Amino acid sequence: MTTRSCPCGLPEAYEACCGRFHSRAASAPTAERLMRSRYCAFVRQDAAYLLRTWHPRTRPERLDLDPGTRWTGLEILDTTGGSAFHTTGTVTFRASYRGGSLHERSRFERVDGAWVYVDGDFPG
C-alpha cells in the first residue's frame, strides 16, 4: 500500500496517513482524522485499534469484524467541533461497502487529551 493513497480517502500513503495512528506513532489530531483512521481500521480489520480508540464508557468488550465485508469508500458529509480547540465533535459520513453503504453521525470526545469514538446514530 505504500504507493496508493490511504483507504480513508486522503491523498497520503497509508503509512504517512492513518498508519501512523494505527502504529501509535502519533495520535489523531481531530475528530475527523480519528473517524477516518477508524474507517481505515475497518478496511484493514484492525479490531485492536477500533477498541483502543473507543470511549471506555461505551466500548464493547470485544469486536468481531466480518472478514467478508469489502469497504469501498468514505465520504465526509459534515463535521462540527472536533478540532484542537474542542472537547467534543461530530462527524457525519457515508461509508460504502460492496452491496451498500452506512450513513452515520458519530460523536467523539477527548479523553486524557486523545480523541475517542463515543457512539453514533443513523440520520434519515
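Hydrogens, waters and symmetry mates play no part in the numbers below; they use all other heavy atoms, side chains included. Computed from a prediction, not measured in an experiment: that's the story for all the values here.
By the rule that hydrophobic residues join a cluster once side-chain heavy atoms approach within less than 4.5 Å of another member, Ile76 and Trp115 end up as members of one cluster. At a threshold of 4.5 Å between side-chain heavy atoms, the hydrophobic network of Ile, Leu, Val, Met, Phe, Trp and Tyr places Leu10 and Met35 in two separate groups. Cluster membership for Leu65 and Tyr97, using ILVMFWY side-chain heavy atoms within less than 4.5 angstrom, is shared. Cluster annotation: Val118 and Leu63 are assigned to distinct hydrophobic clusters (Ile/Leu/Val/Met/Phe/Trp/Tyr, side-chain heavy-atom contacts under 4.5 Å, transitive).
Considering only residues two or more places apart in sequence or on other chains, Tyr117 meets the ring pair (Phe, Tyr, Trp, His ring centres under 6.0 Å) condition with Trp54, Phe108. Take Arg105 and apply the salt bridge (Lys or Arg N to Asp or Glu O under 4.0 Å) test, not counting sequence neighbours, and it matches Asp121. Every residue was checked against the salt bridge (Lys or Arg N to Asp or Glu O under 4.0 Å) condition with Glu104, not counting sequence neighbours, and none meets it.
The salt bridge (Lys or Arg N to Asp or Glu O under 4.0 Å) contacts involving residues 63-74 comprise Arg62-Asp64, where partners must be two or more places apart or lie in separate chains. Residues in residues 26-35 take part in these salt bridge (Lys or Arg N to Asp or Glu O under 4.0 Å) pairs, two or more places apart or across chains: Glu32-Arg36. Applying the salt bridge (Lys or Arg N to Asp or Glu O under 4.0 Å) test to pairs two or more places apart or on separate chains, those with a residue in residues 83-96 are Glu75-Arg94.
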Side chain to side chain contact (heavy atoms under 4.5 Å, CB included) assessment of Thr92 paired with His103: CA-CA 7 Å; Thr92 304; His103 183 196; 3.6 Å; yes
Intermediate values then yes/no, side-chain hydrogen bond (donor to acceptor under 3.5 Å, both in side chains), Arg38 and Thr53: CA-CA 8 Å; Arg38 286 176 56 84; Thr53 58; 2.8 Å; yes
Residue pair Thr90, Thr80: steps toward the side-chain hydrogen bond (donor to acceptor under 3.5 Å, both in side chains) verdict: CA-CA 5 Å; Thr90 64; Thr80 58; 2.4 Å; yes
Thr69/Phe42 under side chain to side chain contact (heavy atoms under 4.5 Å, CB included): CA gap, chis, key distance, verdict: CA-CA 9 Å; Thr69 301; Phe42 275 102; over 6 Å; no
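The shortest non-hydrogen separation linking Phe93 to Ser106 is CE2-OG, 3.2 Å. Of all the heavy atoms in Trp71 and Tyr39, the pair that sits closest is CB-OH, 3.4 Å. When every heavy atom of Val43 is checked against every heavy atom of Pro7, the shortest pair comes out as CG1-CB, 4.0 Å. Heavy atoms only, all atoms of each residue included: Cys40 and Cys6 are closest at SG-SG, 3.9 Å. Nearest heavy-atom pair, Tyr49 versus Ala41, reported as atom, atom and distance to 0.1 Å: CD2-CB, 3.7 Å.
The backbone N or O of Ala16 sits less than 3.5 Å from a side-chain atom of Arg20, completing a donor-acceptor pair. A side-chain donor-acceptor contact under 3.5 Å links Arg110 to the backbone of His86. For the pair Thr72 (side chain) and Ser96 (backbone), a donor-acceptor distance under 3.5 Å is present. Proximity of a side-chain donor or acceptor of Thr79 to a complementary backbone N or O of Val91 within less than 3.5 Å is not detected. The backbone N or O of His22 sits less than 3.5 Å from a side-chain atom of Arg52, completing a donor-acceptor pair.
Distance check: Cys18 SG to Leu34 CG gives 9.5 Å after rounding to the nearest 0.5 Å.
You'll find the side chain of Cys17 reaches within 4.5 Å of the side chain of Cys8, heavy atoms only. For the pair His55/Arg107, no side-chain contact is recorded, criterion being any heavy-atom separation below 4.5 Å from C-beta on.
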